[in-house]
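Since the structure comes first, as structure tokens, the remarks are kept for the end.
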Amino acid sequence: MTIGLSTMLAKLESLFASDHASVVSMNLFVALLCACIVLGHLLEETRWMNESITALIIGSCTGIVILLISGGKSSRILVFSEDLFFIYLLPPIIFNAGFQVKKKQFFRNFMTIMLFGAIGTLISFVIISLGAKHFFEKMNIGDLTISDYLAIGAIFSATDSVCTLQVLNQDETPLLYSLVFGEGVVNDATSVVLFNAIQRFDLTNINSAIALEFAGNFFYLFILSTALGVAAGLLSALIMKKLYIGRHSTDREVALMMLLAYLSYMLAELFHLSSILTVFFCGIVMSHYTWHNVTGKSKVTTKHTFAALSFLAEIFIFLYVGMDALDIEKWDVVRDSPGKSIGVSSILLGLVLLGRAAFVFPLSFLSNLTKSSDEKIDWKKQVTIWWAGLMRGAVSMALAYNQFTTSGHTKILGNAIMITSTITVVLFSTVVFGLLTKPLVKHLQPTSKRTPTPISSLTEPLLNGDGSSIQSHETLVRTQGQSDYNIDLPISFAMFWNKPSRAIHHYWRRFDNAVMRRTFGGRGVTKAVPGSPVETSAGQWGEEVENKEIFPEP
């Protein structure tokens with residue numbers, strides 16, 4: 001009995017000790033997140049250092065301190081978990097990307113974005129996979145299978161264009177910004193779909209039948225995942241439009257939007273689809289329909305809540321990567337062969353550069369064949385797009401851990417080399433390429449001298465209480481809304497052939513006006529029902545001006 005009691009007490013002590021260690025770890029990590037935000041704010045004016053680079057540097061410095069305190073045993077306070085990344089951290093990042101995207105530019109350039117994001121990623125995937133197999137087999141870095149080489153292609157095809165997007169001005173270069181942003185998101189989704197398809201198939205004895213089945217599975221995942229995201233977004237729009245939840249509680253309205261978005265992601269995981277594609281298109285549909293069916297308070301709350309969650313998730317990931325870069329376990333394995341590790345990292349960086357160039361310039365040429373002279377992607381824009389996709393980030397790290405480790409640990413030479421090389425490529429590309437992004441973009445895309453319209457001029461009519469000013473502003477907004485949505489331009493087969501993106505965009509607008517927005521709601525079509533998201537007629541102009549100017553559409 002005494003022995004049993006002492007054993008139980010020992011277990012309780014170890015449990016409390018582990019719980020206390022977890023609390024200490026989380027306190028330290030939250031403090032580091034706060035430090036990243038404060039430093040990011042202080043460095044905002046320079047724009048040389050973005051939050052990703054700041055988090056990497058802080059994480060690396062913290063890793064060094066922990067390594068010294070622990071006597072060289074560990075550099076981390078948390079253990080990386082693929083579930084933590086894919087289930088909790090990735091959804092807000094991707095959803096916010098879809099929710100905040102400027103849909104007009106995104107869909108106007110949709111064909112070019114898909115050309116770069118889908119076809120371009122496949123080209124990069126093939127080049128990196130073949131190059132890795134060719135070089136790594138000669139270097140004898142371990143027992144890597146054909147599935148591992150294909151996984152390497154998918155891992156290093158996933159881009160992270162955050163640095164470039166923070167330098168680009170969306171108002172001055174809308175075409176370039178929409179191409180870089182849209183291609184980045186579609187690229188990540190395509191890379192994850194490829195990675196999932198690779199893990200599903202036994203590719204040790206690949207033949208034409210397996211290759212066709214693999215391609216079919218890829219397109220099946222791509223199409224079905226997109227359809228699920230669109231369906232989830234439309235369902236949320238219909239619920240918000242019919243139930244008017246916001247008239248009773250803004251909290252319920254915001255909570256329901258967040259839960260439905262997350263549900264779409266988890267449903268994709270449940271059915272083994274691409275959850276990234278699903279939640280991205282769910283975000284696009286929600287911002288186009290659902291967001292206009294909620295109250296003004298919910299509009300502001302959802303917009304900033306989604307952005308804040310995405311921001312914290314990104315900082316969390318880069319902070320952890322900075323710490324994990326010094327993890328002694330992986331470096332111990334590759335200590336006897338540092339030359340191989342450096343060689344693998346250099347080859348991967350070279351393949352990333354080559355794979356990127358192999359599709360950006362040829363596909364830009366093809367895209368320009370269908371564009372008018374003012375919409376063509378000139379060589380300066382092409383170089384900017386090429387550079388924007390050279391950085392590797394959180395998705396690459398997560399896929400590498402998923403393929404080459406178990407719960408963040410590995411003691412196999414080949415796996416350890418691939419993990420350390422991935423960390424090296426992510427750190428080098430994010431810090432070095434990221435720091436060079438601003439001078440490069442400034443040289444290639446000089447800032448326009450056009451003075452932007454001050455925000456105060458847009459909101460003064462609301463603050464002055466001048467009825468005539470309000471009336472004129474309302475007229476302006478309604479006129480703008482009509483020009484955006486009521487497109488009645490003549491269209492012909494020749495226009496469809498010469499400008500397919502414009503023609504498709506034209507027909508989509510007509511269908512959207514006639515059917516979709518009348519069914520699911522949207523800007524300018526939601527009827528005024530007492531207590532509904534669109535309140536009394538006296539407040540309609542305020543709601544419309546609020547949506548258009550003070551709280552612009554995501």
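Remember, predicted model here, so these are calculated numbers, not experimental data. Excluded from the calculations below are hydrogen atoms, water molecules and symmetry mates; all remaining heavy atoms, backbone and side chain alike, are included.
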### Query
Which atom names give the shortest non-hydrogen contact between Ser429 and Arg392, and what distance separates them?
OG-N, 3.1 Å
### Task
Check whether any side-chain heavy atom of Phe195 lies under 4.5 Å from a side-chain heavy atom of Asn402, and answer yes or no.
yes
#### Entry: Distance (rounded to the nearest 0.5 Å) between Ile37 CD1 and Leu32 CG
11.5 Å
### Met397 and Ile317: CA distance, side-chain angles, deciding distance, side chain to side chain contact (heavy atoms under 4.5 Å, CB included) verdict
CA-CA 9 Å; Met397 285 296 307; Ile317 292 166; 5.8 Å; no
### Query
Can you name the closest pair of heavy atoms from Cys36 and Ile58 and give their distance?
SG-CD1, 3.7 Å
### salt bridge (Lys or Arg N to Asp or Glu O under 4.0 Å) pairs, two or more places apart, involving residues 213-232
none
### Approximate separation, where rounding is to 0.5 Å, of Leu39 CG and Ile57 CD1
9.5 Å
## Note on the structure
Correct closest heavy-atom pair for Leu277 and Ser225 would be CB-CB, 3.9 Å
### Query
Yes or no on side chain to side chain contact (heavy atoms under 4.5 Å, CB included) for Ile152 and Phe136, after CA distance, side-chain angles and deciding distance?
CA-CA 11 Å; Ile152 290 170; Phe136 295 168; 4.2 Å; yes
### Task
Please report the C-alpha distance between Met418 and Asp148 in whole Å, then the side-chain angles of each, then the deciding distance to 0.1 Å, and finally whether the side chain to side chain contact (heavy atoms under 4.5 Å, CB included) criterion is met.
CA-CA 10 Å; Met418 289 314 306; Asp148 290 329; over 6 Å; no
### Query
Testing Val441, Thr437, Val360 for side chain to side chain contact (heavy atoms under 4.5 Å, CB included) with Trp387, which one passes?
Thr437
### Task
For the pair Ser124 (side chain) and Gly120 (backbone), establish whether a donor and an acceptor sit closer than 3.5 Å, ignoring hydrogens and angles.
no
#### Entry: Neighbour count >12 (heavy atoms, 6.0 Å) for atom NZ, Lys133
no
### Summary
Hits for ring pair (Phe, Tyr, Trp, His ring centres under 6.0 Å) against Phe306, two or more places apart or cross-chain, chain-then-number order -> Phe95, Phe99
### Query
So Phe428 and Phe433, would you call those rings parallel, tilted or perpendicular, with 30° and 60° as cut-offs?
perpendicular
### Task
Go through the steps to decide whether Phe116 and Asn187 satisfy the test side chain to side chain contact (heavy atoms under 4.5 Å, CB included), and finish with yes or no.
CA-CA 8 Å; Phe116 286 155; Asn187 165 279; over 6 Å; no
### Task
Mind listing the closest non-hydrogen atom pair of Ser396 and Thr422 along with its distance?
O-CG2, 4.1 Å
### Task
Check for a donor-acceptor pair, side chain of Ser275 on one end and backbone N or O of Glu269 on the other, with a separation under 3.5 Å.
no
### Query
Minimum heavy-atom separation for Gly153 to Ser129, with atom names?
CA-OG, 3.3 Å
### Query
When you measure from the side chain of Arg356 to the backbone N and O of Ala388, does any donor-acceptor pair fall under 3.5 Å?
no
#### Entry: Which atom of Leu353 lies closest to which atom of Trp386, heavy atoms considered
O-NE1, 3.4 Å
### Query
Is the side chain of Asn368 donor-acceptor paired with the backbone N or O of Ile377 at a distance under 3.5 Å, no angle test?
yes
### Task
Check ring pair (Phe, Tyr, Trp, His ring centres under 6.0 Å) between Phe359 and all other residues, then give those that pass, not counting sequence neighbours.
none
